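All remarks here apply to the structure that follows.
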Amino acid sequence: MTAPSLTSLLIENLRGAVAPFTLAFEKGRKLTIVYGENGTGKSTISDAFDLLGNGNVGSLEKRGVGGATRSYWPSVGKTHSDVKVALATSAGTCALSLSKTGVVIDDQQLKPQAAILRRSQILNLVAAQPAERYKEISKFVDVSGVETSEAALRKLIGDKNRDYETATTRLGANRTTIENFWNQASSPAPEAFSWAKAEVQKDQQALDQRKTGIDGLISCWDKLVPHPTKWNELLGQKKVADEALANSRATLEAITSETADDYLEVLDILKAAQQHFSNRPHPTVCPLCESGEKAEGLVAEVNRRIESQGLHTKLDAARKSVSDHEAAAQKESQRLDDFLKSAENDFSSLKSCCESGKELATLSLPAFPAPSEPEKWADWINENQGKRDSWQQAADACVDSKKFVETLRRSLTDYEESDAVARDLAAVLPRLGEILKVVESERKKYTDVILADISTRVSELYEAIHCGEGLQKIVLALDAAKRGSLDIATEFAGKQDAPPQAYFSDSHLDTLGLCVFLALAEREVPEQKILVLDDVLGSVDEPHVERVIGLIYDISQKFQHAIVTTHYRPWREKFRWHLEAGSDLPVCRIEALVAWRWHGTDGLDPRNRSPEGALGFKRSRCSSHHRQGRSNSGGNPRLLDPEVRVRRPKEAGKHLCSERFAECRAWAVINGLER
Amino acid sequence: MKSLSEAVAEVIAPLLISGGLLLPEDVEKSKAKIAAGTMKAEDWLLAAEKAMAKGTNK
């Protein structure tokens, strides 16, 4: 697709253009050179292209005005809404305005692509830190998508390698555990793992049942153990109770024997009367004989007779004591009987437990029947107590066996799982490694080829400027150890991989930066891109200017259009004089070379316009043409008649060698103002 | 226009297939992910395991 040719650029209220300014482009010319002294507003033209193509005003960056340079885009005293930029091309006009927050392009289809290189940026391509330099080149080698996927793969391999190490470590540990168990089991044939598998498959229920049986046996036994002591204790308590009962009975007997028979007989009657009188304290008759003869004082007489011998209290106490001791003796007797029945049951339980089944078959058990006489229990228990200890050992052995089997099972399971994991990883890791190798090597190869292409092109361009200086071996290379880091090296005085920043002059570094920029710019559909070089070659000395001009001219033909701004007088002089000097430069057409002064109200002001007017000169290796040119001009382009100058290329073309004949156009910044 | 990552992925894809490292259908599905940087570790692992399961040999 052929890119449309530029017709004109209108700038209003942007940066230095305080008044509307139009730069017209001559049809068929691809190179426009804008000459102006410092402060004439050349960069405003670059800014306009930057804004159109990239939505930014790069000349304000890194000037210490802060990150948001947008405030300074309008001319002094103007607002964002006053700014207008319009690029007319053969395909139509692309107009730009500024909204409150952004850049508005009225027709995106016509939006130009612009590659801008400014004086302030040129060293970034060469002398910046590798990471900064990488940013300039990143879009040409940016395979970050693949790099991210590659990083995920690399991390996966790292993680899986660690998993593999863990699995093999566990494998070894579990193998050792199993072999230790096997050794403890006297290393039965055929080998440790077969034995371990057989062990863990054994019925664990039998162990549980045996343990339960032994626990039951121990429980029954432990119930018996205190019985002799308990029996003795209860027997003693019964004896005490019986003795106490006997004593109390003797006491009662003694009291009874000391007391008159009638007293005891009458006492009960008197106590009944006393009870009767407690409710009837003033009787009128005797309650027994119903005589009223001695009714008066009867209550007092009954009380006196009850108390008269002082025995009734003792008698009551003795009777109560006998009664209490009888109850106590009865209770103790009952406790003893209950205990004996309980003990009998316990012995029966133990016997049943011992005879219960095969779980206890291997144990040493007591001989039955157990003695029925309690006084023989202790001997019988003492004889068998040692067996109880062996039962406990057997129960503990059941627990140990179970723990051992569980540990063995865990070790075996863990071993088998670790083995499976290790096998899987051992199979997949080499494959993942191969995949990574392919991805990494192809990704590197791809970017290396691109960098090699760029390096070659930079070297070609650099050699075109510095031919014969032996500085053409420029190498750009990504630092493998650092992501997003670009190294630049050259061969200098026989020293390989020398950083040019360390050995090159500023001028050489400038031209190297230019070459890097051009090599990069021409990689991306240059025919649809406007190349803008904003005052980039101030430090180039005169011997190299001619080659730089030739280089820029040649390379500009690849682009949609190229615009070079310069304040550097030798450029102007070269364009002016080369026509007469017969230099091997491209044929250029200079409509006017004018020095401008920026003016606060008029903006890019045409005052002080230089008197050259339009110059035309050609690039040709045809010496006859140069000779003709010189004779026509009289050797001094200042004296050229404008009409002759304008016509010269057309006339001269008939005589020129056809190679590399072209025209370019150089403008002063404000020449072409159509105000 | 293809991005550089997409171009690299296009170069890598046939090598992964011809090397028997991944299954062709998985490579086709993964190509866009590789280029976009969204090919996660689990995606790589699954694709490699599938290729192993199918018996492709490197």
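A note on names: the letters A, B, ... follow the listed sequences, proteins ahead of strands, and every chain is numbered from 1. What you see is a predicted model, and the numbers here were worked out from it, not measured in a lab.
Contact detail for Leu156(A) and Leu45(B): the closest heavy-atom pair is CD2-N, 3.7 Å. The two atoms that bring Leu432(A) and Trp44(B) nearest to each other are CD2-O, 4.2 Å, heavy atoms only. Nearest heavy atoms, Ala427(A) versus Met52(B): CB-CE, 3.3 Å. Residues Ser149(A) and Gly37(B) share a closest heavy-atom pair of OG-CA, 3.3 Å.
Within a 6.0 Å sphere centred on CD of Gln109(A), other residues, nucleotides and ligands contribute 12 heavy atoms or fewer. For Arg523(A), the CZ atom counts as densely surrounded, since its 6.0 Å shell holds more than 12 non-hydrogen atoms of other residues, nucleotides or ligands.
For chain B, the nearby part of Lys160(A) is the side chain; its heavy atoms alone come within less than 4.5 Å. Contacts of Ala48(B) with chain A are made by both backbone and side-chain atoms, with heavy-atom separations under 4.5 Å. When heavy atoms are compared at a cutoff of 4.5 Å, Ile450(A) approaches chain B solely by way of its side chain, counted from C-beta outward.
Taking CG of Leu21(B) as the reference point, atom CG of Leu436(A) lies at 11.0 Å (rounded to 0.5 Å). Considering CD of Glu147(A) and OG of Ser5(B), their distance stands at 7.5 Å, rounded to 0.5 Å. In this structure, the separation between OG1 on Thr447(A) and CG on Leu4(B) is 9.5 Å, given to the nearest 0.5 Å.
The closest donor-acceptor contact from the side chain of Arg431(A) to the backbone of Leu22(B) lies at 3.5 Å or more, if one exists at all.
Ranking Thr38(B), Asp43(B), Leu15(B) against chain A, the residue ahead of the rest is Leu15(B), based on heavy-atom pairs under 4.5 Å.
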